[in-house]
K.L.:
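For reference, the structure I am asking about is given below.
Per chain, numbering begins at 1; letters A, B, ... match sequence-line order. These numbers come from a predicted model, not from an experiment.
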Amino acid sequence: MENKLFIYNTLSRKKEEFIPINPKHVGLYVCGPTVYGDPHLGHSRPAITYDILFRYLTHLGYKVRYVRNITDVGHLENDADVGEDKIAKKARLEELEPMEVVQYYSDRYHEYMDALNVRKPSIEPRASGHIIEQLQMVEDILKKGYAYESNGSVYFDVDKYNEQHNYGRLSGRNIEDMLSTTRDLDGQSEKRKSYDFALWKKAAPEHIMRWPSPFSDGFPGWHLECSAMSARYLGEEFDIHGGGMDLLFPHHECEIAQSTVAHGHTPARYWMHNNMITINGQKMGKSLGNFITLEQFFTGEHELLEQAYSPMTIRFFIMQAHYRSTLDFSNEALQAAQKGMERLLEGCAKMDKIKAGSQSDFNIAELSEKCYSAISDDLNTPILIAHLFEGVKWINTLVDKNASVTEDDLTALKLLMNTMVFDILGLKANQTQGGGNDALLSETVNLLLNLRVEAKANKDWATADKIRNELQTMGIVIKDTKDGFEWEIK
RNA sequence: GGUUCCUUGGCCGAGUGGCUAGGCAACGGUCUGCAAAACCGUGUACGGCGGUUCGAGUCCGCCAGGAACCUCCA
């Protein structure tokens with residue numbers, strides 16, 4: 001099958017056909033989390049977006065090396081000079097070793113990403129494990145004359161870079177504007193221009209996370225890790241670089257500048273940026289303090305949450321919007337997502353009940369074509385999902401025996417639905433369904449429900465209703481079906 | 001202040017110069033001892049004002065409202 005994948009490239013501001021550097025391989029780098037707090041809803045957006053990209057590229061037959069870093073050093077709390085490292089700050093507050101904090105929140109991140117069924121990246125490098133690579137890059141840039149040393153720190157010379165290259169190419173800014181709009185921060189005196197950015201920072205005496213270097217005992221600058229680690233694992237030029245839109249400037253702009261000087265060209269060919277999740281119309285983020293953690297979503301324990309939402313509900317909610325649009329959080333939207341997802345998954349589960357016939361009333365090949373062109377069109381998951389609901393409608397009609405399909409078409413339909421829903425969108429079926437989690441409980445409930453069937457047969461509605469209502473109170477939902485009953489734990 | 005972007009039916013959210021997005025909710029129906037669930041069917045839209053066009057939510061301009069980035073952020 002011929003599937004041309006189109007990706008919106010922030011560099012060109014256009015959708016472009018994806019053509020990998022190496023026909024069989026794809027190098028994908030995505031900016032991961034800074035591990036100093038519990039993962040919140042916002043973190044799930046890039047994780048899920050690029051997970052779908054990873055899954056789809058893999059499905060298309062590419063061998064994908066997906067690198068997603070963990071930032072455990074280098075981000076400053078406030079401004080350039082007086083700030084302290086976020087990790088170090090958190091460590092002091094909790095009286096922990098910085099690496100203990102990193103370990104804890106990395107584990108938390110992994111736990112919640114697993115819950116969301118986000119596949120693990122191929123490599124998950126940490127900034128602190130690549131100080132040597134970063135220092136080499138600093139020295140290289142310095143040697144080439146695009147950086148200067150000042151009071152033990154090293155800064156990137158944006159003016160010099162901009163003579164030959166275009167600083168602002170990715171973010172669409174120009175350097176004159178930046179000069180007038182960059183904030184006046186304390187300690188800017190070390191820098192020649194306010195828009196110069198740090199490659200290496202000298203550590204203040206109280207700073208715990210520090211490494212020796214020819215310039216000073218210090219730590220690498222804010223943007224260096226991604227450049228150094230992507231080059232190390234994917235090469236100096238790789239295919240796709242992803243991340244949140246909030247990283248577009250300055251982070252990704254700086255990455256491009258650094259890598260261009262060090263390696264002679266832009267590091268990645270395709271730059272993808274996912275949009276933000278908003279809450280009351282505002283970006284959900286760490287700094288605004290308006291975030292809801294994934295743990296809170298899963299338990300429902302947050303004042304803004306009317307109920308708990310399962311990881312798959314969160315995943316589906318995110319996939320129902322295009323990744324480049326903002327997505328507004330609300331209980332209503334999440335509840336709608338939950339119901340829609342349940343219908344989709346139930347549709348998939350019902351496919352086994354369909355018996356093949358002698359003719360097909362549906363064009364499965366056409367549906368398949370539509371699904372592939374949706375996901376190939378810059379990962380248009382909302383359209384893909386709309387088509388899958390068309391499939392669900394067909395499945396229901398077939399289950400009700402109001403239409404028929406041939407054996408071949410049935411196989412094709414099953415393959416299509418399973419591929420799209422489980423392999424590419426990465427949903428997974430609810431495990432508590434049918435009471436398969438505890439044999440004893442399962443048998444007990446089945447016993448009661450069989451008694452209820454007997455009561456119904458005897459027209460003993462009082463007993464039948466009593467069993468139903470009491471089980472309901474315990475959180476067991478009963479569904480009467482044509483051939484008996486189904487139940488699940490809520 | 002600068003740059004960029006957004007405004008779609010009750011809610012969430014796609015998309016396109018002319019052809020039904022989809023989900024949820026609502027309403028009607030089927031099923032059921034009743035209910036629930038499930039299934040089927042139905043309606044409402046493109047912020048305001050101008051312009052381009054045979055034809056514009058879709059392109060252009062202005063206005064209103066909102067957001068992101070310019071500081072760490074996914």
K.L.:
Which listed nucleotide (B/C34, B/C39, B/U4) is nearest to the side chain of A/Asp400?
P.N.:
B/C39
K.L.:
Taking the side chain of A/Met276 as its heavy atoms from C-beta onward, which of B/C69, B/A74, B/G33 lies nearest to it?
P.N.:
B/A74
K.L.:
Quick one: A/Arg324 CZ to B/A14 C1', roughly how many Å, whole number?
P.N.:
12 Å
K.L.:
OP1 or OP2 of B/U3 sitting under 4.0 Å from any side-chain N/O of A/Asn174?
P.N.:
no
K.L.:
What interatomic distance, in whole Å, is found between C1' of B/C12 and the corresponding atom of B/A25?
P.N.:
11 Å
K.L.:
Could you check how far CZ of A/Phe316 sits from C1' of B/G22, rounded to whole Å?
P.N.:
9 Å
K.L.:
Report yes if some heavy atom in the side chain of A/Tyr36 is under 4.5 Å from a heavy atom in the side chain of A/Thr71; otherwise report no.
P.N.:
no
K.L.:
Classify the nucleic acid contact of A/Leu388 as base, sugar-phosphate or nothing, counting any heavy atom under 4.0 Å across all strands shown.
P.N.:
nothing
K.L.:
Using a heavy-atom cut-off of under 4.0 Å over every strand shown, decide if A/Met284 touches base, sugar-phosphate, or nothing.
P.N.:
base
K.L.:
Got more than 12 heavy atoms from elsewhere within 6.0 Å of CG, A/Asn458?
P.N.:
yes
K.L.:
With a non-hydrogen cut-off below 4.0 angstrom, is A/Gly281 in contact with a base, only sugar-phosphate, or nothing?
P.N.:
sugar-phosphate
K.L.:
When only distance counts, do a donor and an acceptor, one from the side chain of A/Asp480 and one from the base of B/A35, lie under 3.5 Å apart?
P.N.:
yes
K.L.:
With the side chain of A/Glu332 defined as its heavy atoms from C-beta on, choose the nearest nucleotide among B/C40, B/C11, B/C69.
P.N.:
B/C11
K.L.:
Which of these nucleotides, B/G2, B/G23, B/A35, is closest to any side-chain atom of A/Arg468?
P.N.:
B/A35
K.L.:
Are A/Trp461 and the base of B/G33 stacked, counting only ring centres nearer than 5.5 Å and planes tilted under 30°?
P.N.:
yes
K.L.:
Describe the nucleic acid contact of A/Leu248 in one word from base, sugar-phosphate, nothing, applying a heavy-atom distance below 4.0 Å.
P.N.:
nothing
K.L.:
Pull up the glycosidic torsion of B/G61 and say syn or anti, syn being anything within 90° of 0.
P.N.:
anti
K.L.:
Rounded off to whole Å, could you give me the CE-to-P distance for the A/Met312 and B/G23 pair?
P.N.:
21 Å
K.L.:
With respect to the phosphate group of B/A25, does any side-chain polar atom (N or O) of A/Lys339 fall under 4.0 Å of OP1 or OP2?
P.N.:
yes
K.L.:
Are OP1 or OP2 of B/A74 and a side-chain N or O of A/Thr34 less than 4.0 angstrom apart?
P.N.:
yes
K.L.:
When the nearest nucleotide of RNA chain B is assigned to A/Phe317 and to A/Asn274 on a heavy-atom basis, which residue is associated with the more 5' position?
P.N.:
A/Phe317
K.L.:
Can you tell me how far C1' of B/A74 sits from OH of A/Tyr105, to the nearest Å?
P.N.:
17 Å
K.L.:
Which value, in whole Å, describes the distance between the C1' atoms of nucleotides B/C19 and B/C24?
P.N.:
26 Å
K.L.:
Could you measure between the two C1' atoms, the one in B/U58 and the one in B/C40, and give it in whole Å?
P.N.:
33 Å
K.L.:
On RNA chain B, does the nearest nucleotide to A/Lys15 precede the nearest nucleotide to A/Gly243 from the 5' side, or the other way round? Give the residue.
P.N.:
A/Lys15
K.L.:
Counting only Watson-Crick pairs (N1-N3 plus N6-O4 or O6-N4) and G-U wobbles (N1-O2, O6-N3), all under 3.5 Å, who is the partner of B/U58?
P.N.:
none
K.L.:
Just the rounded figure in Å: distance from P of B/C39 to CG of A/Leu398.
P.N.:
14 Å
K.L.:
Scan A/Lys283 against the nucleic acid and name what it touches under 4.0 Å (heavy atoms): base, sugar-phosphate only, or nothing.
P.N.:
base
K.L.:
How would you label the contact of A/Asn275 with the nucleic acid (heavy atoms, under 4.0 Å): base, sugar-phosphate, or nothing?
P.N.:
base
K.L.:
Categorize A/His40 for me: base, sugar-phosphate, or nothing, with a 4.0 angstrom heavy-atom threshold over every strand shown.
P.N.:
base
K.L.:
If I pick the P atom on B/U3 and the same atom on B/G57, what distance separates them, to the nearest angstrom?
P.N.:
30 Å
K.L.:
Less than 4.5 Å apart, side chain to side chain, heavy atoms only: is that true for A/Ile395 and A/Ile354?
P.N.:
yes
K.L.:
Counting any heavy atom closer than 4.0 Å, what does A/Arg169 reach on the DNA or RNA strands: base, sugar-phosphate only, or nothing?
P.N.:
nothing
K.L.:
Using the P atom on both, measure B/G15 against B/U53 and round to a whole Å.
P.N.:
29 Å
K.L.:
Yes or no on side chain to side chain contact (heavy atoms under 4.5 Å, CB included) for A/Leu448 and A/Arg452, after CA distance, side-chain angles and deciding distance?
P.N.:
CA-CA 6 Å; A/Leu448 284 166; A/Arg452 181 164 170 268; over 6 Å; no
K.L.:
How far does the P atom of B/U4 sit from the matching atom of B/C62, given to the nearest Å?
P.N.:
13 Å
K.L.:
At 4.0 Å (heavy atoms only), tell me whether A/Ser325 reaches a base, stays on the sugar-phosphate, or touches nothing.
P.N.:
sugar-phosphate
K.L.:
Which of these nucleotides, B/C40, B/C69, B/G15, is closest to any side-chain atom of A/Asn380?
P.N.:
B/G15
K.L.:
Quick one: look up who B/A26 pairs with, Watson-Crick or G-U, both distances under 3.5 Å, and put none if it's unpaired.
P.N.:
B/U42
K.L.:
To the side chain of A/Lys350, which of B/G15, B/G2, B/C39 is closest?
P.N.:
B/C39
K.L.:
Measure from the side-chain heavy atoms of A/Arg343 and tell me the nearest of B/A21, B/G33, B/C24.
P.N.:
B/C24
K.L.:
Supply the atom-to-atom distance A/Met272 CE to A/Thr49 OG1, rounded to the nearest 0.5 angstrom.
P.N.:
8.0 Å
K.L.:
Among the nucleotides B/C12, B/G33, B/G41, which one has an atom lying closest to any side-chain atom of A/Lys393?
P.N.:
B/G41
K.L.:
Quick one: pull up NE2 in A/His302 and OG1 in A/Thr293 and give me the separation to the nearest 0.5 Å.
P.N.:
7.5 Å
K.L.:
Taking side chain as C-beta onward, heavy atoms only, is A/Arg324 less than 4.5 Å from A/Tyr8?
P.N.:
yes
K.L.:
According to the Watson-Crick and G-U wobble definitions, with both distances under 3.5 Å, which nucleotide is paired to B/U52?
P.N.:
none
K.L.:
What is the separation between atom CD1 on A/Ile478 and atom C1' on B/A38, rounded to the nearest whole Å?
P.N.:
16 Å
K.L.:
Quick one: label A/Ala386 by what it contacts on the DNA or RNA (base, sugar-phosphate, nothing), any heavy atom closer than 4.0 Å.
P.N.:
base
K.L.:
Does the separation of the ring centres of A/Phe298 and A/Tyr112 fall below 6.0 angstrom?
P.N.:
yes
K.L.:
Within the 4.0 Å heavy-atom criterion, would you say A/Met245 contacts the bases, only the backbone, or no part of the nucleic acid?
P.N.:
nothing
K.L.:
Do the non-hydrogen side-chain atoms of A/Ile385 and A/Phe316 ever get within less than 4.5 Å of each other?
P.N.:
yes
K.L.:
Which base, if any, makes a Watson-Crick or G-U wobble pair with B/U4, both distances under 3.5 Å?
P.N.:
B/A67
K.L.:
Rounded to whole angstrom, note down the C1' distance from B/U71 over to B/G66.
P.N.:
22 Å
K.L.:
Of the nucleotides B/A74, B/A67, B/G13, which one has an atom closest to the side chain of A/Gln282?
P.N.:
B/A67
K.L.:
Are A/Phe329 and A/Phe297 an aromatic pair by the rule of ring centers under 6.0 Å?
P.N.:
yes
K.L.:
Could you state the CZ-P distance from A/Phe389 to B/G15, rounded to the nearest angstrom?
P.N.:
17 Å
K.L.:
Look at the side chain of A/Asp465 and the base of B/G33, then say whether one donor and one acceptor between them are separated by less than 3.5 Å.
P.N.:
yes
K.L.:
B/G22 P sits how many Å from A/His387 NE2, rounded?
P.N.:
10 Å
K.L.:
If we take the C1' atom in both B/C63 and B/U7, what is their distance in whole Å?
P.N.:
14 Å
K.L.:
Name the closest nucleotide to the A/Gln320 side chain, picking from B/C40, B/C34, B/G22.
P.N.:
B/G22
